[in-house]
Student: 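Once you've had a glance at the structure underneath, I'll fire off some questions.
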Amino acid sequence: MAVLLHRLGHSAYRHRKLVLGIWLFVLAALITCVSVFGGKLDDRFSVPGTESQRALDSLSKTLPEASGASAQIVFSAPEGRRVTEAPYARVIARAVAEAEKAPQVGEVVDPQSSGAVSADRTTAIVQVQYPVQTAEVRTSSVDALKDAARAAEKDGLRTSVGGSVFNSNGVHVGPSEIIGVAVALLVLVVTFGSLLAAGMALLPALIGVATGLAGLLALAPAVSISSTAVTLALMLGLAVGIDYVLFILSRHRQQLARGADPRESVALAVGTAGSAVVFAGTTVIIALAALSVIGIPFLTTMGLGAAGAVLIAVLAAITLVPAIAGFAGTRLAPELGSRAARRATDADGTTGRTTLGTRWTKWVIAKPLLTVLAVAGILITLMLPAADLRLALPDNGSAPHASTQRTAYDTIDDKFGPGFNGPLLILAETNGGTAAESSRAGAQVAAKLGTLKDVKAVLPAQPTSDPTQSVITVLPASGPDSVRTDQLVHEIRDIAPGLRDTTGASIAVTGTTAVNIDVSNRLSDSLLPFVAIVVGLSLLLLMIVFRSLVIPVKAAVGFLLSVGASLGLVVAVFQWGRLADALGVPHSGPVVSFLPIILIGVLFGLAMDYEVFLVSGMREEWARTGRARQSVVDGARQSVRVVTAAALIMFTVFAGFFPLDDSLIKPIAFALAVGVAIDAFAVRMTLVPAVLALAGRGAWWLPAWLDRILPDLDVEGSSLQSAGLEEGLRDGAADTARVRLAESRS
């Protein structure tokens, strides 16, 4: 791999105008496709093969209004008045008439017909049903409902609009994300000691993320892509794109500082650091692509979309970096006598200067057992809240407090009960017979459901265009994200066989609440198998890379500690509400159901990034000197600084998405930001050196028979040394150094 990437670096450097032109042409073509053919993003959650999804698909044909999107206009009377008073009743009737004129609306049900008037007569709800899914509801239609509500406010009523038509805010690039990129640029300037180098590190990453994002959006007309999938691709594309460029460019500048020829230097950097980038990127791609095996379409698009963004970031790093470095030539080299130049020439430790990475590593391994126990103890403590992890999909109760949908949700919860925000639809089907027989069976089913403990109310059965079907609306006594509602769904499904025997009707529980419960349950069931696959993969890959048994086991345990601690913090903040007000979290409740799997997939790849870049230097020193403890110190001399900069950049990019008022993105951004910080600083740069120091020579042991059968990926680029390529680089170094010295004197 290293030799192939070395040749690619040479070629990209030589044909830099062509390489840059191809990237810009592809980017322009994709942007054109998005502007001309761009489709609408689809934020539906569906689980093919489940009872709720089959019933919902059936209703989409026989009663589209019941399976489509919905909205509620909530009216509240002034203090001391009632919505049933004649003046207010006329205002509500006028709003109903206006709502019926809104585009795409299939049915509007006034409060008197549905009985949606609170017991104290201060609040009423107008139900609006659409025959299309949320993704197909146009903004103009929702705006028309808001206009009808605002008109009622002029006559003294307080109004708000909610319902499933309000969904994820989708892709949003605002001040916080721009600040994140600016902070990343600042970190690059500090790392490189050069504004030119920092800018050239950011340029390939931005081109790569723009290409990946445009490519994903260009697929929207043909493939169902959610706004969350696009935002996740943007987050990861930015984070790993900058990191991968940083790894290669920092290696290139170190070699330039020692007087290397620019073309040979960048080719060698792509062959060595680029090999690690390809390996690390491949692990991220595999982990994200593995999300498709869970069988949930929106999670599949999220995984594949994010994996595509990472793939583009890898390609940009190994092709655009050498091309752009070709335009810069020797100007990328640190100035003679600068701190960056001294760090590069001190990399072998022969000058006696001690870097920050060296001092930190020496401090960590001074008492390695104490370090291991302290770090493990802290991370296990942070993991404890994760034992209380509850999963669910967010609803309008997670929206910002000032939003109209949150106001509507809270008002309904207060005046009608939490179950009114999460009704269950029961599809009753008879095997043949007349419409009258089906209606009678539906009434019997409704009567039985009304006797269940956690049912607050059951609405009369509603016929569909199919004479053998009827739909019954069940209002739970608990909210849509409550454990009791989950238990109620299972209880109804458990009594289904008995109802079929007594009424002749087969029933299926469906509706948005039931679908969300099925999604969460599918994800919960998939969590442990997914963890097992990821951990097993990490053991195998690291065993191949480092030819060791201790390092893969240590890496897997460290990864589990990072994930557990991150989930513990997520539970504490988003589920328990600790520091929620300080952090701007609008609602405490169950964690987003797909967050743990996304966190595991992403953090796995990033953990492998840092593991490879940190430990590969230590292995090189071990192979060269055979001194186990000293190789840990010497190997960390330069890599700690680069990994620190990479982790800070990734943390900043993820944290930049945290301020978004999006109930899906906010917890994911928080989890990834704290996960990166914990894994990079607590696990990779603290726990890893301590464990290697404890293990001594045993850290690098691998049975001979296993060493023979494992493939050699050559991530560290040892084949380049055997091919004599490093000697060629050193041959040109003296001449280049003399030229640079002459330039500096002139």
Side-chain angles (χ1 to χ4, degrees), residues 50-60 62-67 70 72 107 109-119 124-125 127 129 412-413 415-480 482-518:
T50 60
E51 174 185 306
S52 60
Q53 192 62 49
R54 288 195 299 269
L56 203 63
D57 292 341
S58 177
L59 284 176
S60 66
T62 60
L63 191 63
E65 291 80 5
S67 65
S70 65
Q72 296 96 34
E107 182 182 11
V109 184
D110 66 83
Q112 297 301 325
S113 301
S114 63
V117 179
S118 63
I125 304 173
Q127 301 282 356
Q129 293 296 142
I412 292 172
D413 184 278
K415 295 296 184 179
F416 294 87
F420 216 95
N421 278 310
L424 302 175
L425 298 182
I426 312 299
L427 176 62
E429 295 182 282
T430 57
N431 188 15
T434 64
E437 292 173 339
S438 176
S439 178
R440 185 166 54 251
Q444 293 174 340
V445 170
K448 176 61 177 176
L449 294 175
T451 65
L452 297 180
K453 177 182 176 182
D454 287 318
V455 172
K456 182 176 183 179
V458 178
L459 303 185
Q462 179 183 3
T464 74
S465 61
D466 186 339
T468 66
Q469 286 184 346
S470 59
V471 179
I472 305 155
T473 301
V474 174
L475 300 178
S478 50
S482 171
V483 174
R484 291 170 55 195
T485 303
D486 191 337
Q487 293 171 342
L488 176 61
V489 170
H490 286 89
E491 184 179 359
I492 295 174
R493 288 171 175 170
D494 289 340
I495 66 173
L499 284 175
R500 185 176 60 247
D501 294 339
T502 56
T503 66
S506 301
I507 66 169
V509 187
T510 187
T512 302
T513 300
V515 169
N516 289 351
I517 288 173
D518 286 343

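Quick caveat: nothing in here was measured; it's all calculated off a predicted structure. Nothing fancy with the numbering, it's 1 onward along the sequence.
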Student: Under 3.5 Å, is there a donor-acceptor pair between the side chain of T485 and the main chain of G479?
Tutor: yes
Student: What are the two closest non-hydrogen atoms of V117 and Q112, and how far apart are they?
Tutor: CG2-NE2, 4.2 Å
Student: Where is the tightest heavy-atom contact between A116 and F420, given as atom of each residue plus distance?
Tutor: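 Heavy atoms of A116 and F420 come nearest at CB-CZ, 4.2 Å.
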Student: More than 12 foreign heavy atoms under 6.0 Å from CG of N431: is that the case here?
Tutor: no
Student: Go through the steps to decide whether L425 and I472 satisfy the test side chain to side chain contact (heavy atoms under 4.5 Å, CB included), and finish with yes or no.
Tutor: CA-CA 6 Å; L425 298 182; I472 305 155; over 6 Å; no
Student: Just wondering, do P418 and K456 contact through their side chains at under 4.5 Å, heavy atoms?
Tutor: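 In short, these two side chains do not touch, never coming nearer than 4.5 Å.
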Student: Among V471, D466, L427, exactly one meets side-chain contact (heavy atoms from CB on, under 4.5 Å) together with T62. Which residue is that?
Tutor: D466
Student: Check whether any side-chain heavy atom of L452 sits under 4.5 Å from a side-chain heavy atom of L449, and report yes or no.
Tutor: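 Of all side-chain heavy-atom pairs linking L449 with L452, at least one is under 4.5 Å.
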Student: Would you mind reporting whether Q469 and S58 have side-chain heavy atoms less than 4.5 Å apart?
Tutor: yes
Student: Assess the side chains of Q444 and T503: does a donor N or O sit below 3.5 Å from an acceptor N or O?
Tutor: no
Student: Could you report the tightest heavy-atom contact between S470 and G442, atom names first, then the distance?
Tutor: OG-CA, 3.7 Å
Student: Tell me if a side-chain donor or acceptor on S52 pairs with a main-chain N or O of T510 at a distance below 3.5 Å.
Tutor: no
